[in-house]
Amino acid sequence: MTTPKPHIARELLARAHSPDTAEQLFTERVKQKPLYLRPTSPTPADNRERRRLHRIRKKEYFLRKQKPKPLSAREKRISGLYDLPKEECKYSIFKELHKLWVGYMQEILDLRVRKVPITPQSHGSKLVTADFHGAEVEVVRSRCAGRVGVKGIVARDTKFTFMIVTEKDEVKTIPKEQTIFRFTVPLPSADDEDTAMSYGDKAKKALTFELHGSQFENRPVDRANKKFKWRNVDYI
């Protein structure tokens, strides 16, 4: 019988070490070395399941990081987000808002700081970018004769309309197109610097402005950063 061929590792170790050391190293490092077997490869079904779970975890991660999707205009109308409750559409309630608006306009026009002339060049850009929620407006000219004379406090300023509350607690929506509105800003009172206004005294002077609605068809948030250009307006 032929003798078995010696292991190649035994021969290499015998060249570098003594017989006892070579035998010990071969036994510990080669002969008794544990053999790690690779697990069985996953089936195609397992691969699909693993990819599906990975996609789900990835989607959940991005959904947590993303901002909520804003509501569409149709969803806002259905939810009644902008609907005003009838029991809250009272002129007395919005009159307090009008007082705050008057103080806001007096600060914009620098009426509390110093006496300066109000001109289109100096204050025109401030007026067109101002917020008119709470302003008391009156329709002075319009293509629709039925709108002339309507007066009330602005409860909502949209892109194309003014929703106002009249003294009779009626809510009216006035289109801006082909309509001119008039509003006044009382001058600050000398004896009351905190409120800087007086509502019962008609003899006090007030600044009167006219607003051409056709040139004012912008939302308040859009007007704040918009630069208006001088242009001719059509006479109504």
CZ-NZ distance between Arg147 and Lys172, expressed to the nearest 0.5 angstrom: 11.5 Å
N/O donor-acceptor pair under 3.5 Å between Thr129 side chain and Lys126 backbone: yes
Flag, side chain of His98 to backbone of Gly134, donor-acceptor distance under 3.5 Å: yes
Flag side-chain contact, heavy atom, 4.5 Å: Val171 against Met163: yes
Closest heavy-atom pair and its distance - Pro220, His133: CG-CE1, 3.8 Å
Check ion pair Glu28-Lys33 (N to O, under 4.0 angstrom): no
Shortest non-hydrogen contact from Thr184 toward Trp101: O-CZ3, 4.0 Å
Test salt bridge (Lys or Arg N to Asp or Glu O under 4.0 Å) applied to Lys58 and Glu60, step by step: CA-CA 5 Å; Lys58 188 176 180 181; Glu60 291 176 351; over 6 Å; no
Nearest atoms (heavy-atom pairs only) where Gln178 meets Ser214: N-OG, 2.7 Å
Distance (rounded to the nearest 0.5 Å) between Ile153 CD1 and Ser92 OG: 9.0 Å
Lys/Arg N to Asp/Glu carboxylate O, Asp157 vs Lys176, below 4.0 Å: yes
N-O pairing of Glu23 and Arg10 below 4.0 Å: yes
Any Ile180 side-chain heavy atom under 4.5 Å of Leu211 side chain: no
Sub-4.5 Å side-chain heavy-atom contact between Lys99 and Tyr104: no
Atom pair OG1 (Thr173) and CZ (Phe160), whose distance is rounded to the nearest 0.5 Å: 14.5 Å
Contact check, side chains of Leu109 and Phe209, non-hydrogen atoms, under 4.5 Å: yes
Pairwise side-chain contact, Ile164 with Val137, heavy-atom cut-off 4.5 Å (strictly under): yes
pair Met105-Leu127: side-chain heavy atoms closer than 4.5 Å: yes
Test item: Thr21 side-chain N/O and Ser18 main-chain N/O as donor-acceptor pair under 3.5 Å: no
Close side-chain approach of Lys31 to His7, heavy-atom, < 4.5 Å: no
Exam field: side chain Ser142 to backbone Ala145, donor-acceptor pair closer than 3.5 Å: no
Between CG on residue Asp222 and CD on residue Glu217, distance to nearest 0.5 Å: 12.5 Å
Same apolar cluster (I L V M F W Y, side chains within < 4.5 Å links), Phe216/Val154: yes
Mutual orientation of the aromatic rings belonging to Phe132 and Phe183 [parallel < 30°, tilted 30-60°, perpendicular > 60°]: perpendicular
Pair Arg52 + Glu49: basic N to acidic O under 4.0 Å: yes
Same apolar cluster (I L V M F W Y, side chains within < 4.5 Å links), Val150/Phe181: yes
Lys95 side, atom NZ; Leu100 side, atom CG - distance, nearest 0.5 Å: 13.5 Å
Atom of Val165, atom of Lys90 and distance for their closest heavy-atom approach: CG1-C, 4.1 Å
Distance, nearest 0.5 Å, that separates CZ of Arg50 from CZ of Arg48: 11.5 Å
Expected output: side-chain Gln215 to main-chain His212 donor-acceptor under 3.5 Å: no
Partners meeting side-chain hydrogen bond (donor to acceptor under 3.5 Å, both in side chains) with Lys159 (sequence neighbours left out): none
Heavy-atom donor-acceptor pair, Thr179 side chain to Glu177 backbone, under 3.5 Å: yes
Cluster overlap Leu25 with Val30, hydrophobic side-chain contacts below 4.5 Å: yes
Salt bridge (Lys or Arg N to Asp or Glu O under 4.0 Å) assessment of Glu210 paired with Arg182: CA-CA 4 Å; Glu210 287 190 355; Arg182 179 180 295 166; 2.9 Å; yes
Exercise: identify the closest heavy-atom pair between Ala206 and Pro186: CB-CA, 3.8 Å
Minimum heavy-atom distance between Arg223 and Asn218, given as atom pair plus value: NH1-O, 2.8 Å
